[in-house]
**Student:** 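Questions regarding the structure given below will be posed in turn.
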Amino acid sequence: MLFLVAALLLLGVVVGAAAHLPLPVTLVAAAAIGCWLLVYGLRKHRIGTSQKTASYRGGEAR
């Protein structure tokens with residue numbers, strides 16, 4: 001969760017600075033932040049899916 005807050009804070013700083021930065025720099029920073037958030041979301045989704053599967057299997061074994 002802390003990583004998500006840091007990503008959003010960084011996004012706010014970059015968006016605020018975008019008016020003063022060249023377009024290629026802004027696009028690279030946006031792509032980096034987007035990739036970071038995508039990896040974070042995929043990891044959270046995979047963890048949630050594996051926990052659901054584990055609890056389902058545990059219920060089935062009883």
**Student:** Would F3 end up clustered with V39 when hydrophobic side chains under 4.5 Å apart are linked, directly or stepwise?
**Tutor:** no
**Student:** Does any non-hydrogen side-chain atom of L37 lie less than 4.5 Å from one of L4?
**Tutor:** yes
**Student:** Atom CG in L42, atom CD1 in I47: separation rounded to 0.5 Å?
**Tutor:** 11.0 Å
**Student:** Answer with yes or no whether the hydrophobic clustering places Y40 together with L10; edges join I, L, V, M, F, W, Y residues whose side-chain heavy atoms lie under 4.5 Å apart.
**Tutor:** yes
**Student:** Only counting residues at least two apart or in another chain, list the ones meeting side chain to side chain contact (heavy atoms under 4.5 Å, CB included) with P24.
**Tutor:** P22
